[in-house]
Amino acid sequence: MLFNSLTFVVFFVVVVALYWSVAGWQLRKNILVVASYIFYGAWNPPFAALLFTTTAMDFWLGRQIGKSQTHSAKKRWLVASVCMNLSMLGFFKYGNFLLQNFQWLLARLGIIYQPPHLDILLPVGISFYTFHSLSYTLDIYRGVLQPTRSLRDFVLAVSFFPQLVAGPIVRAGDFLPQLQHPPRLKPNQFLWGLALMTLGLFEKIVLADTLLSGPADRIFGYPGPLVALDSWAGVLAFAGQIFFDFAGYSICAIGAALTLGFHLKDNFRFPYAAIGFSDFWRRWHISLSTFLRDYLYIPLGGNQVRPFRMALNLVIVMFLGGLWHGAAWTFVVWGLLHGSYLVIERVLRIFFEDKTWAGHPLTRVIAGFATYGAVCIAWVFFRASDFTIASRMLTGMFGGHPTGDMILTTRELLQIGIVTIGVIALHWTMREESFETTVMRLPAWAITAIGSFMAFAIIFTQGTSNAFIYFQF
Amino acid sequence: MFFRRPSREEQIHGGPPLEFERPIPPAPWRGIAVVVTIVVVAATALWELYARSLGYAPTLNDNEDLWAKARRKVQPESIVIIGDSRAWFDVDLDEFEKGLGKRPIQLAMPGSTAWPALADLADDKNFHGTIICSFVPMLFFAPPGSPPMERAEKSVKRLHSQTPAQRVSEELGIRLEERVAFLKPDDLSLEGLLNQLPLPNRPGARVPPTFPPYFETEDRERRARMWEKCAEPGSELAKRIQQIWLPLFTPPPPPSYIPPDVFMAKMKEGIQKRFADVAAAVEKIRARGGKIVFVRFPHSGGLKELEDKIMPRQQNWNPLLQMTKAPGIYYSDFPELSGFNCPEWSHLSAGDSVEFSKRLVPHLRHALKM
């Protein structure tokens, strides 16, 4: 079920009404479990069974880790959980990719092998719920979480419908404590949740789908060379589209959770005003970057190791981060590019951190724009379906096709320009504060005007229920 | 591994303390919600009134979900109409039902090619009914990756991958569209309105063609009828659409990145392949006892001149019938089918579509040996 669909509107109204109208906390949690499985099963009912199976397995493995007396026993159960989760992910998401690469490798050795094409349907949101579930056994192993006694509570923690299919990646350790005591219906919190949902839908339906996705799709789908203006416009359009699409989903998820009395953490914090790449990853898909930091980067030694090893750790983490997004080498290159950016940034920091000009506002603005430019270059690999397209796009962006085609209309160029300038300006204006702080400073009439504009724009735009980009991950 | 030990506080609580609670900005939220609701309801009502004042009325919008819904109704012996918008506008289901003894299922799609639906029916082992396939050469031979092909493929794909949520959304959408006039994505949505901005494009830019504005109504059976405003004699809307058809039906120049001779050779190869694929699909259906008839529906004015010049009948219609060994009805071969005028050069008015269908039925019965 998509947030931007009529089905969800009806579903959400019914669930919220039912949830707040019953008194018992256990019953309310049961309602949420049923609702979450309906939400997920509305895509493909059999996959709800798969979701339950992995959840139940992790619940049991979590108990085994908790019960184990020795470190080695705990470790064995953790390895079982990691293997179970990653093998599910590996089969459904990377099965064909692995086979294709195996075939390629054999061909290099002169062995002709034609693997069968596995007709695997990717369960929607598998990357997200695998991480939701995995965080539970990891945190029990780390000793920061006690296993829950309630399978129902754990099922709800993994499948809670606002964050189930496209994040934020909510760790069981952040969610399970919220199931201990029933939340009270607080009108302001409820209405603020609805306001966040309106903002998220506005970002998705109006900005991402209506103003940016068309030009981005055409540019990345065009089979010929393009002039620099169109190439850059396509990349900027995608940069905006993916932000509004994913941040829009996250805000909707946070808002929907709030209306039910749950608190999810921010997933985005004005990333296009980042100064440097460490800063970018503290602002972009925060739940993934902190997950990778806590469960991969730090266990690998983090920055408490020699510089070369630290650089290698960064590259490994970003390599896997890239692969997490999709079973294609273009995603791996995207991840490796970000890994390289992070390494280069650390090196530059060694040489220039102490210089007085490094902290000058102008330097920071230039660094911010350089970061945005480099992020956009990396987006080329994220969006392009293969390296031919990526290379043609990059050549076009750097003036390699002066006689290439122009395929965007003046209107589309204006749309992309206005939205890009708008998003960068807004991010820079709000980069040092939270969204809530900004809203706090606004007078009531301005909040009313903005809210009315966004809500009417959603109706006026007549969106077409396009899937969110991150559903495919 | 190298994880930190939990703090004492975390151990006591059985998990990390809930240190995070989202801040709620202090504001008069109830008042804001009331005003926003009033403003949005009022703005929506005004927009609806404005849309109706322009002549728009509630009607369904054609999309892949509506198509999939119709496709699911196909029974093994159904009569099915496939192809482009001419079959969509020009066929009256009531007249066909009266004349053919069965209510046909309308699967023709505007701006699309027949091939994906034909291939889907050919692959449907249960189907051994009758297909009435509209033929407009520019659309029938649309190459892979072109908008007509993508439009049709999207619908067929939706049939096979439609989720329960999409089906529910479609049902809800139908109920809304039947009541709300401003739900016209081509004309009255943000994108539709932005498309209408008179902004000149860069010289030499290969921008997408302009598509016609809203000029039809559609019901739950996917029966399309031309909007009266377009069918009126001397209608400005019809004239505007006529001028949209001409560039839309003119083959675009070869792309800059392929030598023109290579491109033309590829196009010819594509057309030959389509002939062969269609013939194979027809044979498959025929082997199961099914039937197919190709129909060339009326067109007129400058569009007829253009189509006849670019894709003359001898080069496409005749070979199609030869290769498929299927019967065909070319409207201009029969005086009783020829006297119709298409207000916007491509489709019949709602009234004429009824009369045309009535006159077409005997020809269909003859062609299909019914």
Side-chain angles (χ1 to χ4, degrees), chain A residues 1-2 5-7 10 41-45 75 141-146 173-174 176-178 187-189 191-192 194 206 210 223-225 254 258 263-265 298-299 301 404-411 414-415 434 436 439-440 444 447-448 451-452 455-457 459-462 464-465, chain B residues 1-6 10-11 13-18 20-33 35-36 39-40 43-44 47 63 145 163-166 168-169 172-173 176 182-185 188-191 194-195 197 199-202 204-208 255-258:
Chain A
M1 210 179 290
L2 300 169
S5 68
L6 290 172
T7 314
V10 174
W43 267 287
N44 192 331
K75 198 170 183 175
Y141 176 80
R142 293 165 72 197
V144 296
L145 185 67
Q146 295 292 326
D174 286 335
L176 283 170
Q178 299 189 52
N188 280 357
Q189 178 178 303
L191 292 170
W192 175 238
L194 290 182
V206 181
T210 303
I254 292 166
L258 266 183
H263 297 262
L264 308 184
K265 291 178 181 172
I298 292 173
D405 291 333
M406 300 174 280
I407 63 165
L408 294 181
T409 61
T410 305
R411 171 183 69 81
L414 283 173
Q415 270 170 218
S434 71
E436 282 83 357
V439 174
M440 219 181 285
I447 299 173
T448 310
S452 305
F456 180 64
I459 296 169
F460 177 66
T461 303
Q462 304 177 32
T464 50
S465 288
Chain B
M1 290 163 90
F2 329 92
F3 297 118
R4 72 178 174 88
R5 298 282 305 159
E10 284 170 355
Q11 284 176 328
H13 286 278
L18 181 58
F20 176 75
E21 193 166 318
R22 292 201 70 84
I24 310 299
W29 287 109
R30 290 184 206 207
I32 289 171
V35 178
V36 166
V39 169
V40 171
T44 307
W47 186 235
N63 60 36
T163 65
Q166 284 166 338
V168 176
S169 281
L172 295 169
L176 266 183
F182 73 75
L183 294 174
K184 302 281 176 297
L188 298 178
S189 67
L190 176 61
E191 192 169 19
L194 287 171
N195 268 328
L197 290 177
L199 292 171
N201 289 311
R202 293 168 290 173
R206 290 167 176 264
V207 297
S256 61
Y257 47 90
I258 303 176

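Here is how names work: the chains are called A, B, and so on, in the same order as the sequence lines, proteins then strands, and each is numbered from 1. When reading the values below, keep in mind they use all heavy atoms of this one structure, side chains included, and skip hydrogens, waters and symmetry mates.
Interface residue B:V168: backbone and side-chain heavy atoms are both found under 4.5 Å from chain A. Heavy-atom distances place both the backbone and the side chain of B:N195 under 4.5 Å from chain A. Proximity to chain B (any heavy atom under 4.5 Å) is restricted, for A:P45, to the side chain, taken from C-beta onward. For chain A, the nearby part of B:P28 is the side chain; its heavy atoms alone come within less than 4.5 Å. B:A27 touches chain A through backbone and side chain together, each having a heavy atom under 4.5 Å away. Within the 4.5 angstrom heavy-atom criterion, atoms from both the backbone and the side chain of B:L188 approach chain A.
Of the possible donor and acceptor atoms, one in the side chain of A:Q462 sits under 3.5 Å from a partner among the backbone N and O of B:F182. Here the side chain of A:T7 pairs a donor or acceptor atom with the backbone of B:A165 at under 3.5 angstrom.
Among the candidates A:I447, A:N44, A:L414, the residue making the largest number of heavy-atom pairs closer than 4.5 Å to chain B is A:I447. Chosen from A:V10, A:V206, A:L191, A:L194, the residue pairing most often with chain B at heavy-atom distances under 4.5 Å is A:L191. With chain B as partner, the option from A:A457, A:G41, A:P225, A:P223 having the largest number of non-hydrogen pairs under 4.5 angstrom is A:P223. In terms of heavy-atom pairs under 4.5 angstrom with chain B, the leader among A:I254, A:T210, A:N188 is A:N188. Here A:D405 is the residue among A:D405, A:L408, A:I459 with the most heavy-atom pairs under 4.5 Å with chain B.
In this structure, CZ on B:R22 lies 6.5 Å from CG on A:L258, to the nearest 0.5 angstrom. A distance of 8.0 Å separates OG1 of B:T163 from CH2 of A:W43, quoted to the nearest 0.5 Å. The distance from atom CG of B:L197 to atom CD of A:Q415, rounded to the nearest 0.5 Å, is 8.5 Å. In this structure, the separation between OG1 on A:T410 and CZ on B:R202 is 6.5 Å, given to the nearest 0.5 Å. We find the CZ-CD distance between A:R411 and B:E191 to be 6.0 Å, quoted to the nearest 0.5 Å.
The aromatic rings of B:W29 and A:W192 sit tilted, their planes meeting at an angle between 30° and 60°.
Here the closest non-hydrogen pair linking B:P208 and A:I407 is CD-O, 4.1 Å. When all heavy atoms of A:S452 and B:V39 are compared, the closest pair comes out as CB-CG1, 3.6 Å. Nearest approach of B:G204 to A:M406, heavy atoms of both residues: C-CE, 4.0 Å.
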